[in-house]
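This report concerns only the one structure given below.
No experiment lies behind these values; they were computed from the predicted model shown.
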There are 2 protein chains.
Amino acid sequence: MSRSRVVVVGAGFAGYQTARTLARRAPRHVEVVLLNPTDYFLYLPLLPQVAAGILEPRRVTVSLTRSLPGVRLVLGEASGVDLDTRHVHYVDAEGRKGELRYDRLVLSVGSVNRLLPIPGVTQHAKGFRGLPEALYLRDHMIRQLELAAETEDPDERAARATFVVVGAGYTGTEVAAHGQLLTRSMARHNPVLRSAPPPRWLLLDIAPRVMPEMDERLSRTAERVLRGRGVDIRTGTSVKEATQDGVLLDDGEFVASRSLIWCVGVRPDPLVEEVGLPTEKGRLVVDEYLNVPGHPEVFACGDAAAVPDRTRPGQYTPMTAQHAWRQGKAAGRNIIASYGRGERAPYEHHDKGFAVDLGGIKAAANPWHVPLSGPVAGAVTRGYHLLAMPGNRVRVAADWFLDAVLPRQAVQLGMVRSWSVPLDTASPELARVPYE
Amino acid sequence: MSRSRVVVVGAGFAGYQTARTLARRAPRHVEVVLLNPTDYFLYLPLLPQVAAGILEPRRVTVSLTRSLPGVRLVLGEASGVDLDTRHVHYVDAEGRKGELRYDRLVLSVGSVNRLLPIPGVTQHAKGFRGLPEALYLRDHMIRQLELAAETEDPDERAARATFVVVGAGYTGTEVAAHGQLLTRSMARHNPVLRSAPPPRWLLLDIAPRVMPEMDERLSRTAERVLRGRGVDIRTGTSVKEATQDGVLLDDGEFVASRSLIWCVGVRPDPLVEEVGLPTEKGRLVVDEYLNVPGHPEVFACGDAAAVPDRTRPGQYTPMTAQHAWRQGKAAGRNIIASYGRGERAPYEHHDKGFAVDLGGIKAAANPWHVPLSGPVAGAVTRGYHLLAMPGNRVRVAADWFLDAVLPRQAVQLGMVRSWSVPLDTASPELARVPYE
C-alpha cells in the first residue's frame, strides 16, 4: 500500500498534540510530517517565569524529535497552502523555499500578538508571545535598572525604573507579578537603588477588573496580591499614545517609562486568512469534528480555528492552551478515523479551571472551579504545570528549587535586542535575523 | 580628603580580581569604577560546556554588582585613553559616548580571537571567545544535524555532520571533545542519523601534538581519549582556504563541512595598540610591578599586558586565566600600596598545572604537576572549577548533576545567528546588534 501523508503545520499546543496522537495511533502506512519553525514545543504558560529569570529558557522547551519518535520534523515556516494541488509551501531554516504534498492537512498555526491602532505602539511596545520576547524582556528589565543606578538624573532614574504592562489578562497579570518581584529584589540589592523609590509597575486594562475572562474570585485574589505588593492596577484605562519617553493614558496622565509591555491578547496567525477558506475573526471555520466544511482532507484546531463550543451553543471555543491541547487530540483521532480506524467524534470540553502564578509562593487557581489562593494555590499551580508539560519536568522542578534557596541571578546576556523582536510579526517564535 | 578614583577597564579574570582586591582593601577615600561591556564576569574555562548544552549560559556568569559591592559599574566599551588629561573614553550600553576621569588606571581589556591571513576564514569560520559564540555554536551544531536528517542527499548529509576545529590548544581540544559527544548522542537518538555514519570531528593543529603549550603527558592523555572516541586528530596540518562548502587543508585534502570552528588562540584587545604606549606583540609593556614605565598612575595586567616572567627570565607570562587572575590581585595590591598602604611587590607565579575537561567523565589534569587521567582527573577538574569560580557554584553543580542523570537537551533557540558573531571583532563578549 502506498504511504499516505498527514502534514501538521505548527507545533504549539494544538499541533503538538495532533502529531503525538497520530504518531501513537495512526495506521502504519500513514506518514506524519510536522512543519514548524523551531525544533521544540514551547510550554507557553511558563514564559513569564523565563522573563523573570526563574527558569532557564531551554527548560520550557521540549524537543520535537526526541518526544515525537516516528514523526518527521521539517524545520520551516509555512508561507501558503495550495488546496487544489494539496501542497504546503514553506521557507526553511536557511531561507530556501520548499513544499510538502499532503493527503491530510492540519492547520494549527496558532496566534500572534494582537495590535491595536494606537500611535507609537508598534514602534515602542514589545509583545510577549515567544522565547525571544521573554529573553528580551528579562535583559531589558535588568538593563533598565542598571542604567537607573548609573544615571545622576532623578527623572531619568524614575523613568527607567517604571514598567507599564498593557492588558491584564492571564499573561499580562503574570508578567507584571513576576517582573515586579524581580525588579524589587534587584533594587534592594543595589547600593544606589536601595535608597531610591522602589521600581514602579503599572498594570492597565480597559476592562473593569484584572483577568476579565476568568472567574471573579480568581480576579479578586490576583488583584489583592498585586496591590499588596505595590503594583498600580488601573482598570478601565487604556493607552492613547506611546513614545520613546513614556506612555500617554486615556485619562490624560503621562507615565515616563522606557518599558511598554504589550499583553492585550492574540490574533490568529495571518497565514489563516491567506488560505482562502471562510474565517471567523481571523480563525478558520471548522465543524465540530475540526474539519473544514467541503474539504474532508483539511482540519484545523487551536487558536487558528473557529471551533463551535458545544458547551455554549452559538459561540466558539476561547483561544486557550487548554482547548488547543484537547482539540489537537481530537483532530488526531478524527484523522485516524478518516483512515477507517475508530469512529470520529465531535469536540466537546468543559473548562477545568485556571491557575495563575503570581510569583513568590502566591498564586490564584480554581481547579475544577474550587477557588484557591496563597501557598496552596501556588503548590497546585506548579504541580499542574509539571503534570501538563510533555517533558523536561525534572529540570523545571530543579530550577524552582534553586530559585527557592538561592538569590535570583540578575545578569543580562544581551543576545536578543530590540530590533530582533518587533511587535508586529507573524513569527514571534523566532528572533528576527539581520542577514545570514 | 577629596576622593581619588581608580578606573579598571575590563572585567575578565585580571580586571575582576583587581576590582575585588581594591574593593576589599583600598582606603575609604578611593572610589573604584569598573568599566565593562557586560554586567557579569564570564568564567571562560567552562564555555565549551555551554556550547555542548551541559551548562546553561547564565551559570558561567557572575553578576558584577552583586559580587563586587562597593564597586561602581559603568556599562560600556572603552574606545580610547587620553593619558595627558587622564580620561577613559567609552561607548555606553545604548550607544552614547561617555568619559571617565581617573587618578589610577588599570588596563585589563583581555584578548580577542586571533586571525591568520588565510582566504575565507574571516567569512566562514566562527571563533570561541565569548557567550554569544558559544550559544551560536550550540545552536549551529544542533541545526546542522537536524538539516542532515532532513536532506535526502548523502553528500549534503555527510557535510552537515562534519565539524572542523582548527587549533588544538586548551580551548579547541575541549570544544572538539564536548562537541563530538553532543553530536554523537544526538545522532544516536535520531531515527534517520542512527543508520548513517556517525558525525565526524576533525581537530587540526600546525604543532606536532595537541595542547602543545602544556605538559606532554596531558597531551598524550587527551589525544588517546579523543582518538578512542573517533575524533580525527591531524597534527602538523593547517588550513589553506575556507569556503562555504568546506575546508581545504594544506596537504591538499578538501573536507566538506558547514562548520569551521576557529580556536587558534587569542591576541590582545586592539585597544592596547591605540593607547600609544610601548607594546610587545600587542601587549602593553609593564614592569614586574604591573606598572607602565614612566606612568606611575597606569597599570596593566592579564592578556593585555606583557608581564616579565620572573620564573623564566627574559620571557613574558603566558596568556592564561591562571596568570590573569593572580596578576589582577597583584595589581590591586600595588595600587593600594601607591596610596601608602602596604608595600608594593613584584609579580611572580609558578604555574599550578592544568586541567582539561574532555566530557563524559574523562579529563586530563596535572595539579601541582601530578599527572592524572580518567574519572579521577574528571572529578579533580570539576572540583577545581567549582573552587575557582567567584560565584554561582551551586547552580553549576546542579547542572552537572542533571546532565549526569538526564538525557542531554538538543534544541536550538536561534537567538544568536551567524551575522551577530563575526570572527573579526574587538568585542567577542557582545552579540553584534543590527540596529536599535
Who among A:P132, A:P57, A:A410, A:A149 has the most heavy-atom pairs with chain B under 4.5 Å? A:P132

Applying a strict 4.5 Å limit to non-hydrogen atoms, the region of B:R66 in contact with chain A is side chain

What's the spacing between B:L193 CG and B:E150 CD if we round to 0.5 Å? 11.0 Å

Portion of A:P191 that has a non-hydrogen atom of chain B nearer than 4.5 angstrom: neither

Between A:D139 (side chain only) and A:G414 (backbone N and O only), is there a donor and an acceptor less than 3.5 Å apart? yes

Is chain B contacted by the side chain of A:V416, its backbone, both, or neither, given a heavy-atom distance below 4.5 Å? side chain

Can you tell me which portion of A:N392 sits under 4.5 Å from chain B's heavy atoms? Options are side chain, backbone, both or neither. side chain

For B:S418 and B:K126, what are the C-alpha separation, side-chain angles and deciding distance, and is it a side-chain hydrogen bond (donor to acceptor under 3.5 Å, both in side chains)? CA-CA 8 Å; B:S418 182; B:K126 291 297 171 196; 3.2 Å; yes

Which one, A:V192, A:L75, A:L402, A:T65, leads in non-hydrogen pairs under 4.5 Å with chain B? A:L75

Taking side chain as C-beta onward, heavy atoms only, is A:V62 less than 4.5 Å from A:Y43? no

Which bit of A:P69 is near chain B, if near means a heavy-atom gap under 4.5 Å: side chain, backbone, both or neither? neither

Checking side chain to side chain contact (heavy atoms under 4.5 Å, CB included) for the pair A:L47/A:F128: CA distance, chi angles, key distance, verdict? CA-CA 8 Å; A:L47 215 48; A:F128 199 81; 3.8 Å; yes

Proximity of residues 31-39 of chain B to chain A, residues having a non-hydrogen atom under 4.5 angstrom: B:D39

Does B:V396 reach the side chain of B:L46, with side-chain heavy atoms less than 4.5 Å apart? yes

Matching residue for B:Q412 among B:E146, B:Q144, B:H140, B:R138 - test: side-chain hydrogen bond (donor to acceptor under 3.5 Å, both in side chains): B:E146

Keeping the roles fixed (side chain from B:S257, backbone from B:T162), state whether a donor-acceptor pair exists under 3.5 Å. yes

Minimum heavy-atom distance A:G53-A:R408, with the two atoms named: O-CD, 3.6 Å

Evaluate side chain to side chain contact (heavy atoms under 4.5 Å, CB included) for B:L145 paired with B:R160, printing each intermediate quantity in order. CA-CA 6 Å; B:L145 286 195; B:R160 290 196 187 276; over 6 Å; no

Answer key: most heavy-atom pairs under 4.5 Å with chain A among B:R72, B:R58, B:R59 is B:R58

Quick check for you: among B:R432, B:M415, B:E429, which has the greatest number of heavy-atom pairs under 4.5 Å with chain A? B:M415

Would you say B:P390 and B:Y16 make side-chain contact, with heavy atoms under 4.5 Å? yes

For A:L42, which atoms come within 4.5 Å of any heavy atom of chain B: side chain, backbone, both, or neither? neither

Less than 4.5 Å to any heavy atom of chain A: does that hold for the side chain of B:L406, its backbone, both, or neither? both

Is A:L430 in contact with chain B via its backbone, its side chain, both, or neither, using a 4.5 Å heavy-atom distance? neither

Counting only heavy atoms closer than 4.5 Å, note whether A:L64 contacts chain B via side chain, backbone, both or neither. neither

Counting only heavy atoms closer than 4.5 Å, note whether A:E94 contacts chain B via side chain, backbone, both or neither. side chain

Need one label for B:A398: side chain, backbone, both or neither, based on atoms under 4.5 Å from any heavy atom in chain A. side chain

Checking A:K97 against A:Y90: charged group under 6.0 Å from the ring centre and within 45 degrees of the axis? no

How many angstroms lie between atom CD of B:Q49 and atom CG of B:L55, to the nearest 0.5 angstrom? 5.0 Å

